[in-house]
Amino acid sequence: MLPQASRVIAVERETRDTFTFTVAAPGGGSGFAPGQFSMLSVFGVGEAPISISGDPGEPDRLVYTVRSVGPVTQALVTRRPGEWIGVRGPFGASWPLAALRGKDILIVAGGIGLAPLRPAVYYVLRRRGDYGRLVLLYGARSPQDMLYRKQLSAWSYLPDTQILTTVDYGGLSWRGHVGVVTTLFRYARFDAQRTAALVCGPEVMMRFVLRELETRGMALSDVYVSMERNMKCAVGFCGHCQLGPHFVCKDGPVFPAARVKRLMERYEL
Amino acid sequence: MKIPDVLETLRHLPFVKNFEPDQIEKLAVLAHEGRFERDQIIFREGDASSFFYLIVSGKVALEVTALGRTLRVQTLGDGEALGWSSLLVSEGKHFQARALTAVRALVFDGARLREACEQDPAFGYRLMRAVFEVLAQRLQAMRIQLLDLYSPASARA
């Protein structure tokens, strides 16, 4: 429950307000599972839940992609290599990738929702023979707001891998797709009967994605979503992140879509 | 491109999935092939161009100029419809369309399409229903786009 001091190793700018920084895992690292999050703190400022966006195959370092939207995240993104932050965790339920062996994996991400899904991509790529096709659909606000652009480009050349990106609007230099992430489905090549989908992004986006997946013949039992709520204690005591009968920090953030779909559609929950 | 070739191409486009065979033939007679080079402007905002297009291959961007800059607001690809406003008696195109890649399309004159719809209401119903489906999908996508989903407003930590 107590934060452990961790040294910042590297900071990389992703977009105008989003940074990826790497810290040394406390105590050398006990590993994490794709989809889990940590509570990161800047001493004297506060604490915020941040998804782990790095490679689970490198447990000695923890990577976080943080968008500066408030006092804590603003303080986090201004840390420099050699400075210290507090780390609690990792916490929460992960993408159930071990149980999905043998399936094609469809990843649908919007905005910074790609961050908690990147460890799932690393995981699948490290065990490529255990899975079928890997399809990643990613939507961002504009080309300047896209995360991990070089990496996405590199992955698109891998066999049995399809990476499709889109933006809500683009300038004349953008020659890629323009439209919401659901418009990418018509170009995605996957067999709904043997695919599992992992989805993360703004909740409204996820609702439309679930609808699209069902239209394309996918059973909700094969779909997982990562939910976001105001997490404080991260261990299911404080109730800040309650979502109906669930605590997102402890029971989630990754849920089977069938378990939370109705809750996602309920006003002010 | 001869009519049998147009017919064969048309049959593979999702736009006509609910058409009867004779209705597809009627549509084929009204089509000719159009080819556009990369970066070629297919039509400009405000153009009186009355053509309706079904993209056979390639990618087209819809652009709008606002506040002194041009924004791409949507891209269309294989099998998608372009220039639906030509099916209305319209004062002009609402967006600029630019070929992002080499584009091959079936091109229809809007006035002739409207005339065919008037003469054969069953054909007209089928065509307008197909256009309506396209519009419903675009409207839905545009509504989601307007939500500005990825704005940082909801995240405050």
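Just so we're on the same page: letters track the sequence lines, and every chain starts at 1. Since we're looking at a predicted model, the values are computed, not measured.
A salt bridge links B:Asp39 with A:Arg175: the closest approach of a Lys/Arg side-chain nitrogen to an acidic carboxylate oxygen falls below 4.0 angstrom.
Around the OH atom of B:Tyr125, the shell of radius 6.0 Å holds no more than 12 heavy atoms that belong to other residues, nucleotides or ligands. A 6.0 Å sphere centred on CZ of B:Arg44 holds no more than 12 heavy atoms belonging to other residues, nucleotides or ligands. At most 12 heavy atoms of other shown residues, nucleotides or ligands fall within 6.0 angstrom of atom CZ in B:Phe132.
Within residues 106-118 of chain A, the residues that have a heavy atom under 4.5 Å from a heavy atom of chain B are A:Gly110, A:Gly111, listed by number.
Distance check: B:Glu63 CD to A:Tyr169 OH gives 15.5 Å after rounding to the nearest 0.5 Å. The CG atom of B:Leu71 sits 14.0 Å away from atom CH2 of A:Trp174, with the distance rounded to the nearest 0.5 Å.
No side-chain heavy atom of B:Ile144 sits less than 4.5 Å from a side-chain heavy atom of A:Val204. You'll find the side chain of B:Tyr150 reaches within 4.5 Å of the side chain of A:Asp168, heavy atoms only.
Looking only at distances, no side-chain donor or acceptor of B:Gln74 sits under 3.5 Å from a matching main-chain atom of A:Val178.
Interface remark: of the candidates B:Gln140, B:Met142, B:Glu80, B:Arg138, B:Glu80 forms the most heavy-atom pairs closer than 4.5 Å to chain A.
No part of B:Ala61 comes within reach of chain A, as not one of its non-hydrogen atoms sits under 4.5 angstrom from that chain. With a 4.5 Å cut-off on non-hydrogen atoms, B:Leu62 does not touch chain A at all.
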Under the side-chain contact (heavy atoms from CB on, under 4.5 Å) rule, what do A:Leu172 and B:Arg72 come out as? Steps first, then yes or no, please.
CA-CA 7 Å; A:Leu172 288 180; B:Arg72 296 207 163 123; 3.5 Å; yes
